[in-house]
Amino acid sequence: MSARTSVVTVTLNAAVDKTYLVPTLPLGRVTRVPEMVAYPGGKGVNVARVLKQLGVDVVAAGFVAGHNGAFIRTELTKQGIAHDFVDLPGESRLCLNILHDGGTSTELLEPGPTVTEADLEALERKLAALAADAAIVAFSGSAPAGAPADVYARLIAVARAAGALAFLDTSGALLVEGLRAKPDFVKPNQDEIAALQRRPAATDGDLAALVRELVAGGIGCAAITLGADGSLVGADGAVYRVRVPALPVVSAVGCGDAFVAGFAAATLRGEPIEARLRLAAAAACANALHREAGRVDAAELERLLPRIDVAPL
């Protein structure tokens, strides 16, 4: 059997991401929008977009609905990203990111459609077929109404049964239940992991203890992302501190998704853990230089890679 070299991303609550750029955002008044961009979104879709830019074969899967779902499909096709979604009744959500007052970001996120048990079973069947040809299945983001808390645990089991690695990036009860399935890679941020553990995680020592617990519990690699402070990662019996350069950040939306994509791309190449973390961090930094989530410029990525510091803690 030939080596698997592709990734499947799963977005349970795919969206149309729309960004408005306005000078100010006064409440209770009419604001005209001089500049707007709209593109397919949701965390898994962002991961797929970055993987495509990194030269990885990727299929975007999950749920879509209605006219917004048709827009998601059409735009992914234009971007050259293969997709295979399950259709739902209703309407995929619209997520507004309003950039105003010199770079402040205000987000408005719709809830999206509702799923049934029959919908989830349809996705499980589709995922089993897609994962059979994939090296990695990346599960990202929130779940729509109707999905049980253990939905990611169920889907991770499907991916594993098909022989694929399982990556997970979510929060709250979805993360708690997803961890029970022992994914190969998880990427909570600092706030998400502190809420999960119900104790403060303010220092590198605190965070190192948390990632050691996760890895000891059967997680292959646990990365806690810290925004402009980089990340702290447990893998292969060690804990690594990843530091990133100061950057003129345009938007932080999608940086965590770019991190997941970079780590997946380097994993496919068989890179050692330090190289995986360097590409993950560089991709996240490159994403921060653009308004659109999931945009990584190749030239910027190459300039950033040598500026990422990865060292054992």
Got a donor-acceptor contact below 3.5 angstrom from the [X] side chain to the [Y] backbone?
{"X": "Thr11", "Y": "Gly44", "answer": "yes"}
{"X": "Glu177", "Y": "Tyr152", "answer": "no"}
{"X": "Asp184", "Y": "Ala166", "answer": "yes"}
{"X": "Asp133", "Y": "Leu130", "answer": "no"}
{"X": "Gln53", "Y": "Arg49", "answer": "yes"}
{"X": "Thr104", "Y": "Leu99", "answer": "no"}
{"X": "Arg4", "Y": "Leu268", "answer": "no"}
{"X": "Arg93", "Y": "Gly112", "answer": "no"}
{"X": "Asp57", "Y": "Ser6", "answer": "no"}
{"X": "Lys187", "Y": "Ala222", "answer": "no"}

Quick one: does [X]'s side chain get under 4.5 Å of [Y]'s, heavy atoms only?
{"X": "Leu313", "Y": "Tyr240", "result": "no"}
{"X": "Thr9", "Y": "Ser140", "result": "no"}
{"X": "Lys18", "Y": "Leu94", "result": "yes"}
{"X": "Asn97", "Y": "Tyr20", "result": "no"}
{"X": "Leu165", "Y": "Val137", "result": "no"}
{"X": "Asn189", "Y": "Ile224", "result": "no"}
{"X": "Glu107", "Y": "Val253", "result": "yes"}
{"X": "Val50", "Y": "Asn46", "result": "no"}

Let me confirm one number: the [atom1]-[atom2] distance from [X] to [Y], rounded to the nearest 0.5 Å.
{"X": "Leu96", "Y": "Leu109", "atom1": "CG", "atom2": "CG", "answer": "8.5 Å"}
{"X": "Leu301", "Y": "Leu54", "atom1": "CG", "atom2": "CG", "answer": "6.5 Å"}
{"X": "Thr225", "Y": "Gln190", "atom1": "OG1", "atom2": "CD", "answer": "9.0 Å"}
{"X": "Asp206", "Y": "Leu210", "atom1": "CG", "atom2": "CG", "answer": "7.0 Å"}

Give me the atom names and distance for the closest heavy-atom approach of [X] to [Y].
{"X": "Ala61", "Y": "Val8", "value": "CB-CG1, 4.2 Å"}
{"X": "Ala281", "Y": "Val244", "value": "CB-CG1, 4.0 Å"}
{"X": "Asn287", "Y": "Gly294", "value": "OD1-N, 2.7 Å"}
{"X": "Leu289", "Y": "Val250", "value": "O-CG2, 3.4 Å"}
{"X": "Thr114", "Y": "Leu88", "value": "O-CD1, 4.3 Å"}
{"X": "Ala181", "Y": "Ala153", "value": "CB-CA, 3.9 Å"}

Hydrophobic cluster identity match, [X] and [Y], side-chain contacts under 4.5 Å:
{"X": "Leu155", "Y": "Leu168", "result": "yes"}
{"X": "Val45", "Y": "Leu12", "result": "no"}
{"X": "Leu174", "Y": "Val115", "result": "yes"}
{"X": "Val260", "Y": "Val233", "result": "yes"}
{"X": "Leu76", "Y": "Val7", "result": "yes"}

Acceptor/donor pairs from residues 30-42 side chains to any protein atom, 3.5 angstrom cut, sequence neighbours excluded:
unit_1, atom_1, unit_2, atom_2, d
Glu35, OE2, Arg291, NH1, 2.3
Tyr39, OH, Ala293, N, 3.0

Evaluate the criterion side-chain contact (heavy atoms from CB on, under 4.5 Å) for residue pair Glu110 and Glu91; output intermediate values, then yes/no. CA-CA 10 Å; Glu110 294 181 358; Glu91 195 67 54; over 6 Å; no
Quiz prompt | Results of ring-ring contact (aromatic ring centres under 6.0 Å, His included) for Phe185 - residues two or more places apart only | solution =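 For Phe185 the ring-ring contact (aromatic ring centres under 6.0 Å, His included) partners, ignoring immediate neighbours, are Phe167, Phe263.
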key: Presence of salt bridge, Lys126 and Asp84, under 4.0 angstrom   =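 Yes.
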| query | If you measure from the Lys or Arg side-chain nitrogens to the Asp or Glu carboxylate oxygens, is any gap between Asp119 and Arg125 under 4.0 Å? | reply |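 Judged by the 4.0 Å cut-off on N to carboxylate O distance, Asp119 and Arg125 do not form a salt bridge.
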Requested in this report: Could you check Arg73 against Asp87 for side-chain contact (heavy atoms from CB on, under 4.5 Å), going step by step and ending with a plain yes or no?
Outcome: CA-CA 11 Å; Arg73 278 195 168 104; Asp87 281 300; 2.8 Å; yes
Apply side chain to side chain contact (heavy atoms under 4.5 Å, CB included) to [X] and list each qualifying residue two or more places apart in sequence or on a separate chain.
{"X": "Asp229", "answer": "Leu226, Arg241"}
{"X": "Pro245", "answer": "Leu247, Cys285, Leu304, Arg307, Ile308"}
{"X": "Arg154", "answer": "Glu117, Leu120, Glu121, Glu124, Pro148, Asp150"}

Report task. Begin from the C-alpha positions of Thr19 and Glu292 and carry the test side-chain contact (heavy atoms from CB on, under 4.5 Å) through to its verdict. Result -> CA-CA 8 Å; Thr19 300; Glu292 299 174 31; over 6 Å; no
| query | Which is it for Arg276 and Asp236 under the salt bridge (charged side-chain N to carboxylate O under 4.0 Å, His left out) test, yes or no, and what are the steps along the way? | reply | CA-CA 12 Å; Arg276 296 185 208 180; Asp236 298 341; 5.8 Å; no
Show your reasoning for whether side chain to side chain donor-acceptor pair (under 3.5 Å) applies to His100 and Thr106.
CA-CA 8 Å; His100 58 96; Thr106 298; 2.7 Å; yes
* To do: Evaluate the side-chain contact (heavy atoms from CB on, under 4.5 Å) criterion for residues Val59 and His83: first the C-alpha distance (whole Å), next the side-chain angles of each, then the deciding distance (0.1 Å), finally the verdict.
  => CA-CA 5 Å; Val59 178; His83 50 84; 5.6 Å; no
Could I get the full list of salt bridge (Lys or Arg N to Asp or Glu O under 4.0 Å) partners for Lys43, not counting sequence neighbours?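 Only Asp169, Asp257 meet the salt bridge (Lys or Arg N to Asp or Glu O under 4.0 Å) criterion with Lys43.
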- Can you spot which of Val16, Asn13, Leu108, Asp17 makes a side chain to side chain contact (heavy atoms under 4.5 Å, CB included) with Cys95?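 So, applying the side chain to side chain contact (heavy atoms under 4.5 Å, CB included) to Cys95 and each of Val16, Asn13, Leu108, Asp17, only Asp17 qualifies.
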* Have His290 and Ser251 got a donor and an acceptor in their side chains that come within less than 3.5 Å? ->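 Per modelled atom types, His290 and Ser251 side chains form no pair under 3.5 Å.
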